[in-house]
There are 2 protein chains.
Amino acid sequence: MTRTRKTAEERQQQIVQAVLDLLPTTPVESLSTTVIARQVGLTQAAIFRHYPTKNAIWAAVLNEIRKRARGSWDEALAGATTPLDRIRAVLAAQLTLITEFPAIPTLLFTSGRVEAEKDIRPVHLAVMRDLRVLLVAELGAVRAEGQVSQPASDQDCADLLMGLIQGTVLRWTLTGHGFDLVAEGRRLIDIQLSLFAKGNLR
Amino acid sequence: MTRTRKTAEERQQQIVQAVLDLLPTTPVESLSTTVIARQVGLTQAAIFRHYPTKNAIWAAVLNEIRKRARGSWDEALAGATTPLDRIRAVLAAQLTLITEFPAIPTLLFTSGRVEAEKDIRPVHLAVMRDLRVLLVAELGAVRAEGQVSQPASDQDCADLLMGLIQGTVLRWTLTGHGFDLVAEGRRLIDIQLSLFAKGNLR
DNA sequence: GCCTTTAGTTAGTGATAACTCACTAACATA
DNA sequence: TATGTTAGTGAGTTATCACTAACTAAAGGC
């Protein structure tokens, strides 16, 4: 038994990672502290040394997800030049993130435990709002560029794109990941963007 | 105590109705057989005389929802004349149904218990498939009418519309029913349909 | 080498979940 | 009025949940 004790901080990260690893295969309500503990390699009680309540774990997990989402968006934004390309890149990044962490839609589509609602829902809303703000900004840039102006407001266009993403992810989740989310998403995004573009050519 | 015993069939319907009534205000995982029994006015044990397992209750509830969805679609289809109007009507009907039974997205967005998945998910998929088939058919009719032909395939257009609906419903759910779902949905649907229409005018 | 700090364990708590079983009483019918 | 059927009851069962208290032992400064 070469059991080495780890620092509390390390364990906290480990616990969050364990939840992220388990979520794609474990229904949220079956993801008990016992299951988490087994994944980390600790006893169930040890979990409560690092997080005071289970809700605290959910909050930590959601914040980690939010952090990763922001990171991947920033990366996508930096890698593209035109506003339209940035829209494509950010949405593709979001879909890629979701394929890497199917935990995200699982949590998103789960109304969740009664008490967890208070902790989880605000983070969801924040992530969605962040993405929407980003889209509206880029759509505004597209419009400002002048060449292509959408027939609908930037907000409406953003909502249509958000719906497209969410709907596709929902379909992907319900079909048990039955298709390539990123490819299908990219395809539909291109169609939608081309519809925006064509809209003003009349 | 003029306690009259009811038939098993009556009770079964009553139990399903009780779940539908409770769902908007009760988190899915708090909706125990005890709560259901209290709503119906029976003991908890009596529930199991009418449904062998709790999953059986969920299955019955989902099938009832599916039945009602079909019913409201049919009504919408019958009340509209042109294919485009039928699309608008069916989607609005679906949104109206959801405002009447917020239980639907609650169930849809909840991954649910492990075992319930087997019973619940297929019904979800069936409902979504039904709606999509309907949309594809009407979009085909729009195209066949000749005047307006979409720049994308009927299937893709249907997916865009489905995403629009699902995304809007998700937003509505997460914001705690913070806006008028039907009105907002109609607005976005009209925009999307006009995008389809304009697409071929170039 | 001792001593403080703290990660981790063992062994519980009470609450609540779905489900069972022996029994009772309302009902239909003969 | 007697009898078989079945809706409904009350008192359980087992399992699992989040969480806690008392204790143990590893780590690290002195």
Side-chain angles (χ1 to χ4, degrees), chain A residues 1-19 22-23 26-62 107 110-120, chain B residues 1-19 22-23 26-62 107 110-120:
Chain A
M1 285 264 273
T2 27
R3 264 280 181 68
T4 47
R5 293 187 357 170
K6 303 200 170 169
T7 67
E9 198 181 353
E10 260 181 309
R11 284 297 190 205
Q12 279 171 23
Q13 288 176 348
Q14 236 185 316
I15 288 167
V16 167
Q17 189 56 49
V19 173
L22 285 168
L23 264 174
T26 315
V28 180
E29 77 286 344
S30 303
L31 213 155
S32 61
T33 51
T34 308
V35 173
I36 297 171
R38 187 161 49 238
Q39 176 83 3
V40 177
L42 292 178
T43 57
Q44 186 246 359
I47 299 296
F48 288 92
R49 182 159 297 273
H50 301 293
Y51 287 100
T53 65
K54 200 188 175 187
N55 270 348
I57 300 177
W58 284 122
V61 168
L62 264 288
L107 279 178
T110 303
S111 43
R113 336 213 116 221
V114 211
E115 313 194 20
E117 282 280 283
K118 278 198 294 291
D119 297 323
I120 292 181
Chain B
M1 284 267 270
T2 27
R3 264 280 183 72
T4 46
R5 289 188 358 174
K6 301 200 173 172
T7 66
E9 198 180 352
E10 260 180 308
R11 283 297 190 206
Q12 279 170 24
Q13 288 175 349
Q14 237 185 316
I15 288 167
V16 167
Q17 189 56 50
V19 173
L22 286 168
L23 264 174
T26 315
V28 182
E29 76 285 346
S30 304
L31 214 155
S32 62
T33 51
T34 307
V35 173
I36 298 171
R38 188 160 48 236
Q39 176 83 3
V40 178
L42 292 178
T43 57
Q44 187 246 359
I47 299 296
F48 289 91
R49 183 156 298 273
H50 301 294
Y51 289 100
T53 64
K54 200 188 176 187
N55 270 348
I57 301 177
W58 284 123
V61 168
L62 264 287
L107 280 177
T110 303
S111 46
R113 336 209 109 225
V114 211
E115 313 191 20
E117 283 281 284
K118 279 198 292 291
D119 297 323
I120 292 181

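Model, not experiment: these values are computed from the prediction. Reminder, nothing fancy here: chain letters follow the sequence lines and each chain counts from 1.
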Please give, in whole Å, the distance from [N] [atom2] to [X] [atom1]?
{"X": "A:Leu42", "N": "D:dA25", "atom1": "CG", "atom2": "P", "value": "17 Å"}
{"X": "B:Trp58", "N": "C:dC19", "atom1": "CH2", "atom2": "C1'", "value": "17 Å"}
{"X": "A:Leu31", "N": "D:dT16", "atom1": "CG", "atom2": "P", "value": "15 Å"}
{"X": "A:Ile36", "N": "D:dC17", "atom1": "CD1", "atom2": "P", "value": "10 Å"}
{"X": "B:Gln13", "N": "D:dA7", "atom1": "CD", "atom2": "P", "value": "14 Å"}

Heavy-atom closest contact ([X] atom, [Y] atom, distance):
{"X": "B:Ser30", "Y": "B:Val35", "value": "O-CG2, 3.7 Å"}
{"X": "B:Ile15", "Y": "B:Ile57", "value": "CG2-CG2, 4.1 Å"}
{"X": "B:Ala18", "Y": "B:Gln39", "value": "CB-CG, 3.5 Å"}

Test side-chain contact (heavy atoms from CB on, under 4.5 Å) applied to B:Glu10 - qualifying residues, sequence neighbours left out |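 Applying side-chain contact (heavy atoms from CB on, under 4.5 Å) to B:Glu10 gives B:Lys6, B:Thr7.
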For D:dA18, does either OP1 or OP2 sit under 4.0 Å from a side-chain N or O belonging to A:Thr33?
->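 Indeed, a polar side-chain atom of A:Thr33 lies that close.
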Indicate whether OP1 or OP2 belonging to D:dT6 is found under 4.0 Å from a side-chain N or O atom of B:Arg11.
-> no
Taking the side chain of B:Thr43 as heavy atoms from C-beta outward, which of D:dT9, C:dT10, C:dA7 is closest to it?
->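 The answer is D:dT9.
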Which nucleotide, C:dT10, D:dC19, D:dA26, lies nearest any side-chain atom of A:Thr53?
-> D:dC19
Can you tell me how far the CD atom of A:Gln13 sits from the NE2 atom of A:His50, to the nearest 0.5 Å?
->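 Going from the CD atom of A:Gln13 to the NE2 atom of A:His50 covers 12.0 Å.
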Between B:Gln14 and B:Leu42, is any pair of side-chain heavy atoms under 4.5 Å apart?
-> no
Among residues 44-52 of chain A, which contact DNA chain C at a heavy-atom distance under 4.0 Å?
->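 Correct list: A:Ala45, A:Ala46, A:Arg49, A:His50.
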What is the nucleic acid contact for B:Ser32, judged by heavy atoms within less than 4.0 Å: base, sugar-phosphate only, or nothing?
-> sugar-phosphate
